[in-house]
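Since the structure comes first, as structure tokens, the remarks are kept for the end.
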Amino acid sequence: MIVWLLALATVWVMQPYLSALWFSASIPRTVTPRAELAASEQATVRLFKEVSPSVVHVFARGRPSASVFSDEQDSVVQSGSGIIWDLAGHVITNNHVISGTAQIGVRLTSGEFVAAHVVGAAPNYDLAVLQLERPRSALHPIAVGRSADLQVGQSTFAIGNPYGLDQTLTSGIVSALGRTLPSVTAREVKGMIQTDAPINPGNSGGPLLDSAGRLIGVNSAIISGSGASAGIGFAIPVDIVNRVAAELIRSGHVPLPGVGIVAAKQGEATSLGIDGVIVLRTLRGSPAAKAGIEGVREDGVIGDVITEVNGKPVHSMEELTSILEDEGIGKQIALTIDRAGQTRTVKLSIADVSQLAQR
């Protein structure tokens with residue numbers, strides 16, 4: 001028994017050394033073959049290969065004296081993503097990516113840096129169109145889909161440059177439709193696509209795609225307390241992008257249906273117990289001004305409150321804007337106005353107030 005115990009103790013002590021001697025992978029291991037990628041994986045790989053050449057990296061800088069392609073990190077004030085729109089070299093991106101900057105440059109997937117200038121911007125939709133200046137590389141315009149027939153639950157893919165990391169692909173689903181988000185102006189963008197595909201700073205202006213690799217939206221915003229993706233991202237629907245891009249390329253601006261009022265925030269109306277749109281002021285030369293609509297007086301007394309449009313109640317500026325956009329420029333409407341408890345109806349025509357808003 002003593003001999004057996006000594007033998008077992010010897011084996012126990014020597015076991016690590018024997019394992020290292022006999023089983024160590026001291027030469028490269030043999031690769032285990034695998035089967036073909038799953039059909040879903042192959043589809044995703046194919047989607048990225050086909051669409052990624054249409055996605056660019058947009059750099060914008062506020063100092064006109066320095067080159068936008070310099071390696072100086074402190075000179076680049078904003079960056080994001082962009083989408084090659086056509087063979088003429090137009091690029092779609094978010095307005096907030098290039099807003100307030102003096103120099104813009106674009107890096108194509110070929111690695112070529114190309115200077116660009118703004119053709120037109122639509123802050124109300126957070127969209128802008130850039131023009132590439134004499135690119136040498138071949139351009140690959142993105143395939144355009146539709147957003148009107150999207151369904152919650154269908155797959156989505158986002159390609160962009162989050163945190164400056166080029167050509168990053170993320171995936172998810174359409175998690176909600178018809179969201180409304182504020183723009184940098186007083187108007188709101190309606191019909192926004194909500195997705196859980198990870199979208200981070202730098203993805204702005206990049207494409208949101210369906211499983212066929214078609215553009216269904218332009219990634220624009222996230223909701224996050226930390227500034228990083230929290231599973232709730234938003235994209236501007238491609239149906240809006242398609243219309244706005246064409247207007248910007250054609251004329252440099254997008255007609256803005258309106259009557260020429262600046263309204264109080266909905267929270268202020270609610271706190272005052274007012275159901276309707278409080279007019280703060282009217283724009284000079286606008287249909288509202290010509291119709292005699294009055295805003296808040298200098299002493300703070302509320303002037304006119306819009307309560308109905310064509311006999312339909314309106315409770316917020318969002319609802320009013322939606323009706324005006326649906327009616328279209330040139331159409332005549334009837335506004336029901338309440339002033340100090342007295343109700344009246346005024347008729348006026350919807351106008352393009354994009355130029356009035358800039359005065």
Side-chain angles (χ1 to χ4, degrees), residues 39-55 81-86 90-94 122 124-129 140-160 169-183 187-199 203-223 229 231-250 254-255 257 318-319 321-329:
S40 60
E41 293 175 303
Q42 293 182 37
T44 302
V45 171
R46 185 167 56 251
L47 178 148
F48 180 75
K49 288 181 178 179
E50 291 176 354
V51 180
S52 59
S54 302
V55 184
S81 304
I83 305 163
I84 296 178
W85 190 248
D86 56 30
H90 290 114
V91 171
I92 306 296
T93 189
N94 284 144
N124 293 307
Y125 300 98
D126 194 20
L127 291 171
V129 175
H140 302 273
I142 199 164
V144 175
R146 293 198 61 191
S147 52
D149 56 0
L150 292 176
Q151 300 180 62
V152 174
Q154 74 178 80
S155 298
T156 58
F157 301 86
I159 302 178
L169 172 69
T170 56
S171 64
I173 61 170
V174 174
S175 53
L177 293 167
R179 297 300 196 205
T180 300
L181 289 181
S183 65
R187 302 172 80 91
E188 295 178 308
V189 184
K190 60 180 182 177
M192 295 284 282
I193 303 166
Q194 180 181 313
T195 180
D196 69 343
I199 296 174
N203 276 108
S204 293
L208 187 69
L209 310 161
D210 63 11
S211 57
R214 305 179 309 160
L215 179 71
I216 58 172
V218 173
N219 298 319
S220 180
I222 59 174
I223 290 182
S229 175
I232 303 179
F234 298 94
I236 304 163
V238 70
D239 293 350
I240 292 178
V241 176
N242 212 349
R243 174 175 60 84
V244 170
E247 293 281 0
L248 291 177
I249 292 171
R250 181 166 54 248
V254 178
E318 176 189 337
E319 292 182 2
T321 299
S322 179
I323 294 173
L324 297 179
E325 289 181 345
D326 291 341
E327 291 289 337
I329 295 173

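Computed from a predicted model, the values in this text were never measured in an experiment. All residue numbers in this chain count up from 1 along the given sequence.
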Point to revise | Contacts of type side-chain contact (heavy atoms from CB on, under 4.5 Å), residue Asn219, not counting sequence neighbours | key: Ala158, Ile199, Leu208, Ala235
Practice item. Please identify each residue that fulfils side-chain contact (heavy atoms from CB on, under 4.5 Å) with Arg250, with sequence neighbours left out. Key: Ala246, Glu247
Practice item. Evaluate side-chain contact (heavy atoms from CB on, under 4.5 Å) for Leu150 paired with Ile193, printing each intermediate quantity in order. Key: CA-CA 9 Å; Leu150 292 176; Ile193 303 166; 3.5 Å; yes
Check your understanding: Looking at residues at least two apart in the chain, or sitting in another chain, which of them share a side chain to side chain donor-acceptor pair (under 3.5 Å) with Thr93?
Key -> none
Check your understanding: Taking it one step at a time, do Leu209 and Ile159 satisfy side-chain contact (heavy atoms from CB on, under 4.5 Å)?
Key -> CA-CA 8 Å; Leu209 310 161; Ile159 302 178; 3.9 Å; yes
Review point. Do Thr156 and Thr195 have a side chain donor and acceptor closer than 3.5 Å?
Key: yes
Check your understanding: When you check the side-chain N and O atoms of Ser220 and Asp126, is any donor under 3.5 Å from an acceptor?
Key -> yes
Review point. Can Asn94 and Tyr125 be said to form a side-chain contact (heavy atoms from CB on, under 4.5 Å), step by step?
Key: CA-CA 9 Å; Asn94 284 144; Tyr125 300 98; over 6 Å; no
Closest heavy-atom pair and its distance - [X], [Y]:
X: Ala122; Y: Val244; answer: CB-CG1, 3.9 Å
X: Pro237; Y: Gly191; answer: CG-O, 2.8 Å
X: Phe157; Y: Ser211; answer: CE1-CA, 3.9 Å
X: Pro207; Y: Leu215; answer: CB-CD1, 3.5 Å
X: Leu127; Y: Leu248; answer: O-CD1, 4.4 Å
X: Pro53; Y: Phe48; answer: CD-O, 4.4 Å

Review point. Looking at CZ of Phe234 and CD of Gln194, how far apart are the two atoms once the value is rounded to the nearest 0.5 Å?
Key: 4.5 Å
Review point. Roughly how far apart are His140 NE2 and Ile83 CD1, rounded to 0.5 Å?
Key: 15.5 Å
Check your understanding: With sequence neighbours left out, what residues match Asp149 under salt bridge (charged side-chain N to carboxylate O under 4.0 Å, His left out)?
Key -> none
Check your understanding: Do Val51 and Leu169 have side chains that get closer than 4.5 Å, going by heavy atoms?
Key -> no
**Study point:** Flag side-chain contact, heavy atom, 4.5 Å: Val238 against Val218
**Key:** no
Review point. Taking only residues at least two apart or on different chains, which pairs with a member in residues 42-54 satisfy salt bridge (Lys or Arg N to Asp or Glu O under 4.0 Å)?
Key: none
Review point. With sequence neighbours left out, which residue pairs that include part of residues 210-219 fulfil the salt bridge (Lys or Arg N to Asp or Glu O under 4.0 Å) condition?
Key: Asp210-Arg214
Point to revise | Side chain Ser147, main chain Ile216, donor-acceptor under 3.5 Å | key: no
Check your understanding: Got a sec: does the CD of Gln151 have more than 12 other heavy atoms crowding it under 6.0 Å?
Key -> no
Practice item. Report the C-alpha separation of Val152 and Ile173 in whole Å, then their side-chain angles, then the decisive distance to 0.1 Å, and conclude whether the side-chain contact (heavy atoms from CB on, under 4.5 Å) test is met. Key: CA-CA 7 Å; Val152 174; Ile173 61 170; 5.9 Å; no
